[in-house]
*Asks:* 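One structure follows; several queries about it will come next.
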Amino acid sequence: MQQNSIQTELQNQFNDAVSRLQSKQMFQSDWDIASFAIFFIFIGTVLLLLTLVLIRCCCCCCCDSEKPPRTKVGVDNYALEP
């Protein structure tokens, strides 16, 4: 019973998508356009972050030369010592 309802639901969604393609009107409302834009902005952001991570990893691995030791910057506050 459950399998039959899932199958009919998928068939209805497929038929809806095919009818939209045949009518060449993919977006029927403003909400469709907004959700499409938000989806592609999200995908673009994820791809941008992945690209930045890969660039960072490649630069750290290739240019991982001997770094000079860090020097202390600032002034010691002797008033805090016991």
Side-chain angles (χ1 to χ4, degrees):
M1 183 94 172
Q2 187 76 351
Q3 182 70 14
N4 192 15
S5 65
I6 293 173
Q7 184 179 4
T8 57
E9 182 69 28
L10 287 175
Q11 188 174 9
N12 289 339
Q13 288 180 359
F14 178 75
N15 289 336
D16 183 44
V18 169
S19 67
R20 285 185 185 190
L21 284 173
Q22 287 175 346
S23 68
K24 296 180 182 175
Q25 188 177 18
M26 289 296 294
F27 304 112
Q28 296 179 353
S29 69
D30 291 338
W31 286 107
D32 289 342
I33 297 170
S35 63
F36 188 74
I38 290 171
F39 175 74
F40 275 105
I41 289 170
F42 173 75
I43 295 297
T45 304
V46 168
L47 290 175
L48 175 69
L49 290 174
L50 284 174
T51 305
L52 291 174
V53 166
L54 288 174
I55 290 171
R56 172 78 176 169
C57 290
C58 289
C59 287
C60 288
C61 295
C62 297
C63 304
D64 196 19
S65 61
E66 194 75 27
K67 292 183 179 180
R70 289 186 151 181
T71 58
K72 192 173 184 181
V73 178
V75 180
D76 287 332
N77 189 352
Y78 293 114
L80 295 175
E81 292 184 10

*Asks:* Tell me, which pairs form a salt bridge (Lys or Arg N to Asp or Glu O under 4.0 Å) where one or both residues lie in residues 27-45, sequence neighbours left out?
*Replies:*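 The answer is R20-D32.
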*Asks:* Is there a side-chain contact between V53 and L49 (heavy atoms, below 4.5 Å)?
*Replies:*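 Of all side-chain heavy-atom pairs linking L49 with V53, none is under 4.5 Å.
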*Asks:* Only pairs at least two apart or in different chains count here, so list each salt bridge (Lys or Arg N to Asp or Glu O under 4.0 Å) that has a residue in residues 34-43.
*Replies:*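 Output for this query is empty, none listed.
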*Asks:* Is there a chain of hydrophobic side chains (I, L, V, M, F, W, Y, each step under 4.5 Å between heavy atoms) that links L47 to L52?
*Replies:*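 L47 does not cluster with L52.
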*Asks:* Restricting to side chain to side chain contact (heavy atoms under 4.5 Å, CB included), what partner residues turn up for L50, sequence neighbours left out?
*Replies:*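 If we apply the side chain to side chain contact (heavy atoms under 4.5 Å, CB included) test to L50, skipping adjacent residues, the hits are V46.
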*Asks:* Quick one: side-chain hydrogen bond (donor to acceptor under 3.5 Å, both in side chains) partners of N12, sequence neighbours excluded?
*Replies:*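 Listed in chain order: nothing, the list is empty.
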*Asks:* Are L48 and F42 co-members of a hydrophobic cluster defined by side-chain heavy atoms under 4.5 Å apart?
*Replies:*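 They do not share one cluster, since no chain of ILVMFWY contacts under 4.5 Å joins F42 to L48.
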*Asks:* Which Ile, Leu, Val, Met, Phe, Trp or Tyr residues join I41 in one cluster when any pair of side-chain heavy atoms under 4.5 Å counts as a link?
*Replies:*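 In the cluster with I41 there is nothing else; it is isolated.
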*Asks:* Sequence neighbours left out, what passes side chain to side chain contact (heavy atoms under 4.5 Å, CB included) with Y78? Give chain and number order.
*Replies:*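 Checked Y78 against side chain to side chain contact (heavy atoms under 4.5 Å, CB included); matches are D76, E81.
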*Asks:* Name all residues meeting the side chain to side chain contact (heavy atoms under 4.5 Å, CB included) criterion together with T51; count only those two or more places apart in sequence or in a different chain, and write none if there are none.
*Replies:*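 T51: side chain to side chain contact (heavy atoms under 4.5 Å, CB included) contacts with I55.
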*Asks:* Under the 4.5 Å side-chain heavy-atom rule for ILVMFWY, direct or indirect, which residues accompany F14?
*Replies:*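 Besides F14, the hydrophobic cluster comprises V18, listed by chain and residue number.
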*Asks:* Who passes side chain to side chain contact (heavy atoms under 4.5 Å, CB included) against E9, sequence neighbours left out?
*Replies:*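 Residues passing side chain to side chain contact (heavy atoms under 4.5 Å, CB included) with E9: Q13.
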